[in-house]
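Whatever order the structure lists them in is the order used to number ligands and atoms, beginning at 1. Count residues from 1 along the sequence.
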Amino acid sequence: MSSVPVPPPKCLLKPLVVPFRHMFGPGPSNVPPRILQAGANPVIGHMHPEIFEIMNDIKSGIQYLFQTQNRVTLAVSGTGHTAMECAIFNAVEPGEGVLSAVNGIWGERAADMAERIGARVNTIVAPPGGVLTNEEIERALAKHRPALFFLAHGESSTGVLHSLDGIGQLCHKYNCLFLVDSVASMGGTPLHMDRQGIDILYTGSQKVLNAPPGTAPISFSDRACQKIFNRRTKPVSFFLDLKWLSNYWGCDGKPSRVYHHTGPVTAFYSLRESLAVLAEEGLEKSWERHKEVAEYFHTSLESMGLHLFVKEKVLRVGLMGCNSSKAHVDMVLAAMKDALKHCHENKL
Ligand code: PMP
């Protein structure tokens, strides 16, 4: 007779089964064996010198990926949402203004997060599938005078890539920090954090980078740090407090790092390897490959008689990182052709 009233679950006595899937949606994307294997290395301590070396490599990789010299560049332990909250919770104090560009769900979520910390939130809404002009953005900045302006670069809910040109300069003219979400675009299309005047930029690990979900690269400009490190109030989250995180990641120039949380070391290994893959290919090559493959996909869809934006039914296809190849496009096209044969009003 067992002394524990809750028995071991039968399901756990069966072996773990995970199928192989082609991941051609908005994310996550497939993780190549090299990156998976990196994550299978032995667990070491989150304060061991070797993990600090790996974290330093990751920092350099993110600086390259983001095209930034920012000292405060690190990876948050968590998914893209964690980086989003890290940016907003640190950059905004209660009562300050946040302006969010809504061209899909990410602008709505950023507004929601800012509301939760007692910010005064305003939105500028783009038509579905559309973008905002710099004039519209400037008018809203002049009207609301926010401390932070949020914009999603790659809006994965509509598939729209928003231009960033000139917006950083506009934000600075109105003494506002420019926050950019590049979870769905980073590595697949040109973005220059420093040159484009972006103050806070984050991405995820699981899209173009092809690492498992669970780490989120983020970087803060000196202007952003100036504001964040001189706050009157503490950020609501201890876990995401940039003072703690920048010390753990060795970004604050202090001689020693203090325990903050147990860094997910195996996720760091995978992230490091994914950044190494990108460094080997080269950013420009990766941008070019994604552009070429996207163009091939778009013309092939059009030659099937499909339009790129369908009002009633939108299919979101993501071919990111190692999935961005013509062979993968051909697989998606074959599957779509097959699916369309079973549609009622099939015109093919
Ligand atoms: N922003 C964008 C543009 C995204 O596409 C996603 C993920 N779909 C996120 C943020 C959130 O990332 P995560 O699911 O990793 O939290």
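- Using a cut-off of 4.0 Å between Lys/Arg side-chain N and Asp/Glu carboxylate O, Arg116 and Asp112 are scored as salt-bridged.
- The residue among His81, Met186, Gln206 with a heavy atom at the shortest distance from atom 15 (O) of ligand 1 is Gln206.
- Of the possible polar contacts, one joining the Asn90 side chain to the Cys86 backbone as a donor-acceptor pair under 3.5 Å is found.
- For ligand 1, the polar-atom distance check against Pro26 finds no nitrogen or oxygen pair separated by under 3.5 Å.
- Close contacts of ligand 1 with Gly154, meaning ligand atoms under 4.0 Å from a residue heavy atom, involve 3 (C).
- A donor atom on one side chain and an acceptor atom on the other are not found under 3.5 Å apart for Asp194 and Gln67.
- For Glu281, the CD atom sits in a packed shell: over 12 heavy atoms of surrounding residues, nucleotides or ligands are nearer than 6.0 Å.
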Side-chain donor-acceptor pairs under 3.5 Å in residues 210-224, sequence neighbours left out?
residue	atom	partner	partner atom	Å
Asn210	OD1	Cys322	N	2.6
Asn210	ND2	Ser29	OG	2.9
Asn210	ND2	Asn30	O	3.2
Asn210	ND2	Lys207	O	3.3
Asn210	ND2	Met320	O	3.3
Ser219	OG	Asn70	ND2	3.0
Ser219	OG	Thr73	OG1	2.9
Ser221	OG	Asp199	OD1	2.8
Ser221	OG	Arg223	N	3.4
Ser221	OG	Ala224	N	3.1
Arg223	NH1	His172	NE2	2.8
Arg223	NH1	Asp199	OD1	3.2
Arg223	NH1	Asp199	OD2	3.0

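- Considering both main-chain and side-chain atoms, Thr79 comes within under 3.5 Å of ligand 1 through a nitrogen or oxygen pair.
- Atoms of ligand 1 found under 4.0 Å from any heavy atom of Lys207, numbered from 1 in the order shown, are 4 (C), 5 (O), 6 (C), 7 (C), 8 (N).
- In summary, Glu135 and Arg139 do not engage in a salt bridge, as defined by a charged side-chain N under 4.0 Å from a carboxylate O.
- Shown in contact with Asp181 at under 4.0 Å from a heavy atom are these atoms of ligand 1, numbered in order with element: 1 (N), 2 (C), 3 (C), 10 (C).
- Looking from atom 13 (P) of ligand 1 to the surrounding protein, the closest heavy atom is Gly80 N, 3.4 Å.
- Using a 30° and 60° split on the angle between ring planes, His260 and Phe239 fall in the parallel class, below 30°.
- Residue Ser156 approaches ligand 1 through these ligand atoms, each under 4.0 Å from one of its heavy atoms: 2 (C), 3 (C), 4 (C), 5 (O).
- Protein heavy atom at the shortest distance from atom 9 (C) of ligand 1 is Trp106 CH2, 3.2 Å.
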